[in-house]
Amino acid sequence: MAEELVRYAAADGVATLTLDSPSNRNALSTPLIRQFTDALRQALADDAVRAILLDHAGPVFCSGADLKETAAARESGQVPAAALVDLLADLVEAPKPVVARIAGPARAGGLGLIAAADIAVCSTAATFAFTEVRLGVIPAVISATVLPRLTPRAASELYLTGEVFDGHRAEHVGLVTAAVPESDLDPAVRRYLDALVLGAPGALAGAKGLLRAPVREQLRELAELSAGYFLSAEGREGVAAFAAKRVPSWVPERRTSA
């Protein structure tokens with residue numbers, strides 16, 4: 001029996017999808033993505049569900065792509081990131097509102113999930129980073145959901161530097177709806193969910209249609225772009241350096257010795 005990596009629960013008009021793979025920091029492995037997609041579609045098919053909550057177990061919201069799986073898959077010329085396309089498209093195009101609860105760090109692909117949600121609430125202590133360029137790749141696939149959220153100047157800075165930023169900055173640049181103290185996180189999420197279930201299902205779906213354009217074809221094109229970088233020499237070196245906990249070869253020596 002396959003390990004349960006995404007837990008599903010529904011009550012009071014809300015379906016909760018919980019990323020539950022803390023052993024690898026809720027990394028976006030192919031099995032997790034598939035289970036997440038199945039759980040999301042289950043929520044969308046349930047007429048009693050009016051809103052969807054994306055939650056996480058463990059201290060980390062999502063560490064991004066499963067780099068061990070990515071490194072192993074390269075031998076076949078495939079990269080697991082392509083599996084993320086349908087999940088992100090389903091989230092964006094879902095007729096039911098999606099709320100993300102972020103109580104811990106999110107990196108790379110995890111930020112794509114957050115941006116795909118209609119409402120995202122984080123702890124001020126949560127941290128975020130687009131780490132891709134430091135691994136020799138680019139945040140291609142998640143750009144379909146992230147770039148409509150971020151201010152252009154912030155996108156340039158955060159995409160190019162890969163630097164870590166906190167919950168306050170995430171709210172300021174538009175990645176999340178609200179950043180609150182950890183003690184206020186659950187009450188804040190509950191307030192949004194309570195408000196959402198008051199909306200008529202058809203009207204909520206119509207309002208979402210006004211807010212978000214279909215992204216599936218764009219995501220497929222971005223997945224092809226992403227694969228090229230993951231399979232490149234820089235991508236291989238970046239993932240190898242990360243696994244070995246060393247500095248990538250492209251970093252100038254004066255930086256490595258500082």
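Just so it is clear, the values below take in all heavy atoms, side chains as well, and ignore hydrogens, waters and symmetry mates.
Side-chain heavy atoms closer than 4.5 Å link hydrophobic residues (I, L, V, M, F, W, Y) into clusters, and following such links, possibly through other members, connects Leu196 to Leu185. Hydrophobic clustering (side-chain heavy atoms under 4.5 Å, transitive across Ile, Leu, Val, Met, Phe, Trp, Tyr) groups Ile102 together with Leu84. In the hydrophobic cluster analysis, where Ile, Leu, Val, Met, Phe, Trp and Tyr join through side-chain heavy atoms closer than 4.5 angstrom, Leu193 is grouped together with Val180. At a threshold of 4.5 Å between side-chain heavy atoms, the hydrophobic network of Ile, Leu, Val, Met, Phe, Trp and Tyr places Val60 and Val164 in two separate groups. No continuous path of hydrophobic side-chain contacts links Leu204 to Val98 [ILVMFWY only; heavy atoms under 4.5 Å].
Remark: side-chain polar atoms of Asp66 are not paired, donor with acceptor, to backbone N or O of Leu28 under 3.5 angstrom. A donor-acceptor pair under 3.5 Å is formed between the side chain of Gln35 and the backbone N or O of Val6. For the pair Thr37 (side chain) and Ile33 (backbone), a donor-acceptor distance under 3.5 Å is present. A donor-acceptor pair under 3.5 Å links the side-chain atoms of Glu69 to the main chain of Thr30, judged by distance alone. Lys96 places no side-chain N or O within 3.5 Å of a backbone atom of Ala51 that could act as its donor or acceptor partner. Using modelled atom types, one side-chain atom of Ser232 and one backbone atom of Tyr229 make a donor-acceptor pair closer than 3.5 Å. Side chain of Thr16 to backbone of Leu53: no donor-acceptor contact under 3.5 angstrom is found. With Arg246 contributing its side chain and Ala240 its backbone, the two residues share no donor-acceptor pair below 3.5 Å. The backbone N or O of Gly58 sits less than 3.5 Å from a side-chain atom of His56, completing a donor-acceptor pair. Side-chain atoms of Lys208 do not come within 3.5 Å of backbone N or O of Pro97 as any donor-acceptor pair.
Taking the side chain as every heavy atom from C-beta outward, Asn24 and Leu32 never approach each other to under 4.5 Å. Inter-residue side-chain proximity for Phe242 and Thr131 is flagged as unmet; no heavy-atom pair is nearer than 4.5 Å. Annotation: side chain of Glu221 is not in contact with side chain of Val85 (no heavy-atom distance under 4.5 Å). For the pair Leu54 and Leu113, the minimum side-chain heavy-atom distance is below 4.5 Å. The shortest side-chain heavy-atom distance between Leu40 and Tyr8 does not fall under the 4.5 Å cut-off. Within the 4.5 Å cutoff, no side-chain heavy atoms of Ser21 are placed close to those of Leu19. The shortest distance between side-chain heavy atoms of Thr145 and Ile114 does not fall below 4.5 Å. Looking at Phe128 and Leu158, their side chains never come closer than 4.5 Å, going by heavy atoms from C-beta outward.
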Exercise for the section: Tell me, with the steps shown, if Ser226 and Val137 meet side chain to side chain contact (heavy atoms under 4.5 Å, CB included). Expected result: CA-CA 7 Å; Ser226 175; Val137 296; over 6 Å; no

Exercise for the section: In sequence, state the C-alpha distance, the side-chain angles, and the governing distance for Asp186 and Arg190, and then conclude on salt bridge (Lys or Arg N to Asp or Glu O under 4.0 Å). Expected result: CA-CA 6 Å; Asp186 288 331; Arg190 176 46 56 186; over 6 Å; no

Problem - side chain to side chain contact (heavy atoms under 4.5 Å, CB included) between Leu67 and Leu135, worked out - result: CA-CA 10 Å; Leu67 295 182; Leu135 296 173; 4.0 Å; yes

Exercise for the section: Applying side chain to side chain contact (heavy atoms under 4.5 Å, CB included), run through Phe61 and Asp55 and close with a yes or a no. Expected result: CA-CA 8 Å; Phe61 175 79; Asp55 202 352; over 6 Å; no

Exercise for the section: Please step through side chain to side chain contact (heavy atoms under 4.5 Å, CB included) for the pair Val99 and Ile52, ending with a clear verdict. Expected result: CA-CA 6 Å; Val99 177; Ile52 299 166; over 6 Å; no

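Using modelled atom types and a 3.5 Å distance limit, the side chains of Arg107 and Thr127 yield a donor-acceptor pair. A donor and an acceptor atom, one from each side chain of Thr124 and Glu182, are nowhere located under 3.5 Å apart. Side-chain polar atoms of Ser143 and Tyr159 form a donor-acceptor pair below 3.5 angstrom.
Asp166 contributes atom CG, which lies 11.5 Å from atom NE2 of His172 (distance to the nearest 0.5 angstrom). The CG atom of Leu175 sits 8.0 Å away from the SG atom of Cys122 when rounded to the nearest 0.5 Å. Interatomic distance, Leu91 CG to Leu44 CG, rounded to the nearest 0.5 Å: 8.5 Å. Rounding to the nearest 0.5 Å gives a distance of 10.5 Å between CG of Leu150 and CD of Glu157. Atom CG of Leu222 is separated from atom CD of Glu217 by 10.0 Å, given to the nearest 0.5 angstrom.
Scanning all heavy atoms of the two residues, the minimum distance from Asn26 to Pro22 falls at OD1-N, 3.7 Å. Nearest approach of Leu88 to Ala116, heavy atoms of both residues: CD2-CB, 4.1 Å. Here the closest non-hydrogen pair linking Arg134 and Pro248 is O-CG, 3.9 Å. Shown here for Pro214 and Glu93, the closest heavy-atom pair between the two residues is CA-OE2, 3.5 Å. Of all the heavy atoms in Ile142 and Gly109, the pair that sits closest is CG2-CA, 3.8 Å. Looking at every heavy atom in both residues, Pro105 comes nearest to Pro59 through CD-O, 3.2 Å.
Heavy-atom contacts from other residues, nucleotides or ligands closer than 6.0 Å to CZ of Arg212 number more than 12. For CG of Asp38, the number of neighbouring non-hydrogen atoms (other residues, nucleotides, ligands) closer than 6.0 Å is greater than 12.
Under 4.0 Å is where a charged nitrogen must lie from a carboxylate oxygen, and between Arg216 and Asp90 at least one such pair does. A salt bridge does not link Arg169 to Glu163: none of the charged side-chain nitrogens sits closer than 4.0 Å to a carboxylate oxygen.
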